[in-house]
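Sequence lines set the chain letters: A, B, ... in the order given, protein chains first and strands last, and positions in each chain run from 1. This is a predicted model, so every value here is computed, not measured.
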Amino acid sequence: MAELSVETSFASEVVDRSRALKRFAFTDAFFRSLTRICAISVLVILGAIMFSLVEGSWLALSTFKLDFVTTEAWNPVTVKFGAISPIYGTVVTSFLAMLIAVPLGLGIAIFLTELCPPLLRRPLGIAIELLAGIPSIIYGIWGLFIFAPFLQSHVQPFLIESFANVPVLNSVFAGPPYGIGILTASLILVIMILPFIVAITRDVFETVPTVLRESAYGLGCTTWEVTRNVVLPFTRVGVIGGCMLALGRALGETMAITFVIGNAHRISESILAPGTTISATIANEFAEAVGDVYFSALIALGLILFFITFIVLAIARYMLLRLERQAGN
Amino acid sequence: MATDVRNMRLYRRRSVRNRVYMGLSIAAAGIGLGWLAIILGTLVVKGVVGLNLAVFTEMTPPPQAAGGLANAIVGSLIMTGLAVLIGTPIGTLAGTYMAEYGRYDKLTPVIRFINDILLSAPSIVIGLFIYEVLVTRMGHFSGLAGAVALAVIVLPVVVRTTEDMLLLVPNTLREAAAALGTPTWHIVAKVGYRAARAGIITGVLLAVARVTGETAPLLFTALNNQFWSTNLNAPMPSLPVVIFQFALSPYENWRELAWTGALLITLAVLSLSVLARVLSSKSGGER
């Protein structure tokens with residue numbers, strides 16, 4: 001009797017265990033496929049973004065064909081849309097911004113890694129990282145109310161006057177000082193992407209093995225020579241990757257620029273003149289757009305922006321990935 | 001003798017060059033940090049003027065009238081909260097797949113790459129996408145569409161941090177659990193998540209900080225609303241969009257409120273980032 005009960009309890013335990021194992025296997029498979037679906041959803045979202053942009057812009061692209069990216073006219077009344085001036089504005093503002101922000105950012109990163117007293121290094125680094133998170137609308141509102149009037153009354157008249165007699169440059173700095181315009185937008189972009197560039201290049205600089213740096217110092221190199229001949233060559237890929245990442249940000253930046261660009265659909269030689277960028281055009285006009293073609297043209301702008309930033313970001317990520325592998329080895 | 005002189009000259013040239021470049025570097029730091037300090041200083045000075053209780057209790061006013069930002073603040077909170085509710089579970093699970101189940105899967109690097117691109121994709125494009133997918137289908141702007149647009153921004157941030165944090169969990173812990181016969185999902189939940197908890201929460205906080213100031217994707221999804229509205233099926237006001245609208249207006253009181261709103265957003269974002277930093281440094285200490 002006693003034996004039997006032991007046997008049955010043993011048997012029921014075996015059954016229990018196999019049932020439990022089966023349950024585990026089931027939940028495990030379920031959880032696994034759940035996480036897999038979620039992971040794949042990331043791909044699906046990107047695909048859906050592309051698909052919906054292409055679908056939305058189809059009307060405009062099929063109406064204007066290549067004219068869309070080669071003409072300047074942007075006229076909702078006559079329903080003629082050419083995207084060259086916003087594309088030009090996006091490229092020029094980002095280019096000017098990078099021109100200033102990259103040397104400035106590298107300078108700050110060098111200061112933080114090589115020159116800064118250790119006591120200040122951490123707080124300054126943290127401050128820079130925090131500033132990278134400040135929303136762009138803050139920079140926009142500051143640019144509109146403080147920076148643009150300042151440029152208009154102090155800097156732009158000076159630029160116009162001093163380059164008035166220099167060939168080429170007099171048309172680059174021509175016209176009345178509006179305050180808002182391409183130059184102002186570029187400068188606001190500089191201050192926006194600066195924390196990014198500093199944060200990334202500083203991280204990248206810190207991947208340089210101390211041994212390399214110290215052996216160069218040991219040979220009698222000056223700080224500049226160490227930076228120029230050891231740190232920069234070692235981190236080149238990462239620095240370029242970081243700058244491309246910042247460029248991607250600059251190209252897609254919307255709010256800060258919308259405030260200060262002036263939203264004028266024309267290409268002027270002067271960088272003091274108002275212009276527009278892809279993102280500013282969309283932000284300014286989308287809610288008020290009337291008519292299918294107008295809508296579609298704005299979405300086509302979005303598609304072009306997405307395409308450009310996708311390429312820039314893909315290159316940036318690829319380069320940073322290469323650096324990671326190098327550091328891993 | 002001659003070589004000595006030459007060496008001295010070379011040495012002097014090198015040290016001068018060094019001083020020039022280091023001077024430039026210090027100047028760059030001065031300019032950059034000074035510039036950022038000026039922006040923050042102006043923001044505080046301009047924003048504090050309009051900061052009073054009415055900002056939190058009254059609705060956005062018509063031009064030339066007194067009022068506050070209460071409806072915009074609540075709208076922002078609702079949409080951000082909903083975005084986190086949608087984005088966090090999906091993001092955490094996706095990150096889990098990449099770090100735990102699919103660590104050696106060929107799909108994982110692809111997802112990581114695409115996710116990184118999504119992470120820095122222009123937010124206005126995400127706004128256009130949600131407009132196409134939700135707003136045109138529903139036929140009107142809505143708070144729900146705004147929240148979904150923000151969720152698309154939250155998602156890649158959470159995916160990235162979850163994966164990073166789970167990868168930091170030592171494999172020996174997993175192996176120890178597996179040796180006890182623990183099923184994989186149990187290992188993930190009881191070992192992986194527990195060890196990476198602080199890091200994952202940090203990621204969510206950073207995501208919240210990121211969407212708090214997002215304006216572009218809300219412009220044509222949630223639009224704006226002058227009145228108190230908690231209806232997710234109707235246009236919903238949000239702090240950034242109200243700032244955008246008010247700052248570009250010619251009315252003095254609107255502009256003042258825009259500055260105050262900007263200060264509030266900045267404070268919110270900064271305190272979230274500081275909180276995230278404190279959390280992650282704490283979890284770093286435990287490790």
query = Non-hydrogen atoms of chain B under 4.5 Å away: do they reach the side chain of A:R32, the backbone, both or neither?
reply = both

message = Looking at A:W224, is its backbone amide N or carbonyl O close enough to the side chain of B:N18 to form a donor-acceptor pair, meaning the two atoms are under 3.5 Å apart?
response = yes

request  = Measure A:S52 against the heavy atoms of chain B and call it side chain, backbone, both or neither at under 4.5 Å.
outcome  = both

request  = Measure distances from A:L144 to the heavy atoms of chain B and classify the residue's part below 4.5 Å as side chain, backbone, both or neither.
outcome  = side chain

ask   = What residue in A:L115, A:T309, A:L301 has the most heavy-atom pairs under 4.5 Å with chain B?
value = A:L115

request  = Measure from the ring center of B:F113 to the ring center of A:Y318 and say whether it is less than 6.0 Å.
outcome  = no

ask   = Given side chains that start at C-beta, do those of A:F24 and B:W185 come closer than 4.5 Å, heavy atoms only?
value = yes

ask   = Between B:G213, B:A27, B:P183, which shows the greatest number of heavy-atom pairs under 4.5 Å with chain A?
value = B:P183

task = Starting at CD1 of B:I124, measure out to CD of A:E253 and round the result to the nearest 0.5 Å.
result = 9.5 Å

ask   = Looking at B:R277 and A:E129, does any basic side-chain N land under 4.0 Å from a carboxylate oxygen?
value = yes

key: Segment of A:L194 engaging chain B (4.5 angstrom heavy-atom cut-off)   = side chain

ask   = In terms of heavy-atom pairs under 4.5 Å with chain B, which of A:F147, A:F259, A:F145, A:F310 leads?
value = A:F145

task = Give a yes or no on this: more than 12 heavy atoms of other residues, nucleotides or ligands lie within 6.0 Å of atom OH of B:Y193.
result = yes

note = Checked B:D116, B:T108, B:T96, B:L263 vs chain A; the most non-hydrogen pairs under 4.5 Å come from B:D116

CG on A:L46 to CD1 on B:I111, rounded to 0.5 Å = 12.0 Å

request  = List the steps and the verdict of side-chain contact (heavy atoms from CB on, under 4.5 Å) for B:T215 and A:T254.
outcome  = CA-CA 9 Å; B:T215 320; A:T254 311; over 6 Å; no

query = For B:R103, does the CZ atom have more than 12 heavy-atom neighbours from other residues, nucleotides or ligands under 6.0 Å away?
reply = yes

ask   = Given a strict heavy-atom distance threshold of 4.5 Å, which part of A:F51 is in contact with chain B: side chain, backbone, both, or neither?
value = neither

Check: B:F129 ring centroid to A:F306 ring centroid under 6.0 Å = no

task = Against chain B, label A:L53 side chain, backbone, both or neither, depending on which of its atoms sit under 4.5 Å from a heavy atom there.
result = side chain

ask   = Distance from A:E225 atom CD to B:R14 atom CZ, nearest 0.5 Å?
value = 4.0 Å

ask   = How about A:F31 and B:T184: do any of their side-chain heavy atoms sit closer than 4.5 Å?
value = no

ask   = Most heavy-atom pairs under 4.5 angstrom with chain B, which of A:I134, A:I137, A:V198?
value = A:I137

inquiry  = Could you check whether atom CG of A:N229 has more than 12 heavy atoms from other residues, nucleotides or ligands sitting under 6.0 Å from it?
reply    = yes

task = Considering only heavy atoms and a distance below 4.5 Å, find which of A:T222, A:I110, A:L313, A:I191 pairs most often with chain B.
result = A:I191

Portion of B:F141 that has a non-hydrogen atom of chain A nearer than 4.5 angstrom = neither

message = If you define the side chain from C-beta out and look only at heavy atoms, does anything of A:M255 sit under 4.5 Å from B:I243?
response = no

query = Among B:L33, B:L119, B:T42, who wins on heavy-atom pairs under 4.5 Å with chain A?
reply = B:T42

remark   = Applying a strict 4.5 Å limit to non-hydrogen atoms, the region of A:I128 in contact with chain B is side chain

ask   = If you draw a 6.0 Å radius around CZ in A:R121, do more than 12 non-hydrogen atoms from other residues or ligands fall strictly inside?
value = yes

remark   = Turns out that what part of A:I138 lies under 4.5 Å from chain B's heavy atoms comes down to side chain

ask   = About how many Å separate CD1 of A:I100 and CD1 of B:I31, when rounded to the nearest 0.5 Å?
value = 10.5 Å

inquiry  = Checking B:Y97 against A:R36: is there a side-chain donor and acceptor pair closer than 3.5 Å?
reply    = yes

ask   = Do B:L219 and A:F286 have side chains that get closer than 4.5 Å, going by heavy atoms?
value = no

task = Let me know if A:T27 has heavy atoms under 4.5 Å from chain B in its side chain, its backbone, both or neither.
result = both

ask   = Can you find a heavy atom in the side chain of A:P135 that is under 4.5 Å from one in the side chain of B:V269?
value = yes

query = At what distance, to the nearest 0.5 angstrom, does SG of A:C38 lie from CE of B:M98?
reply = 12.0 Å

request  = With the side chain counted from C-beta on, respond yes when A:Y139 and B:L36 share a heavy-atom pair under 4.5 Å apart, and no when they do not.
outcome  = yes

message = Which atoms of A:L131 are under 4.5 Å from chain B, going by heavy atoms: the side chain, the backbone, both sets, or neither?
response = side chain

query = Checking A:T258 against chain B: side chain, backbone, both or neither under 4.5 Å from a heavy atom?
reply = side chain

key: Engaged part of B:I26 at the chain A interface, taking heavy atoms whose separation is under 4.5 Å   = both

task = For the pair B:S25 (side chain) and A:F111 (backbone), establish whether a donor and an acceptor sit closer than 3.5 Å, ignoring hydrogens and angles.
result = yes

note = Honestly, the part of B:V188 sitting under 4.5 Å from a heavy atom of chain A is side chain

Atom pair CG/CG of B:L24 and A:L106 - distance to nearest 0.5 Å = 12.5 Å

message = For a 4.5 angstrom cut-off between non-hydrogen side-chain atoms, does B:L107 reach A:I40?
response = yes

ask   = Given that the side chain runs from C-beta out, which part of A:I278 has a heavy atom under 4.5 Å from chain B: side chain, backbone, both or neither?
value = neither

message = Please classify the contact of A:L104 with chain B as side chain, backbone, both or neither, using a heavy-atom distance under 4.5 Å.
response = both

query = So which of B:G32, B:S120, B:P89, B:S273 has the biggest tally of heavy-atom pairs under 4.5 Å with chain A?
reply = B:S120

key: A:I146 versus chain B, the contacting section by heavy-atom distance below 4.5 Å   = side chain

ask   = Does a side-chain heavy-atom distance below 4.5 Å link B:L40 with A:W142?
value = no

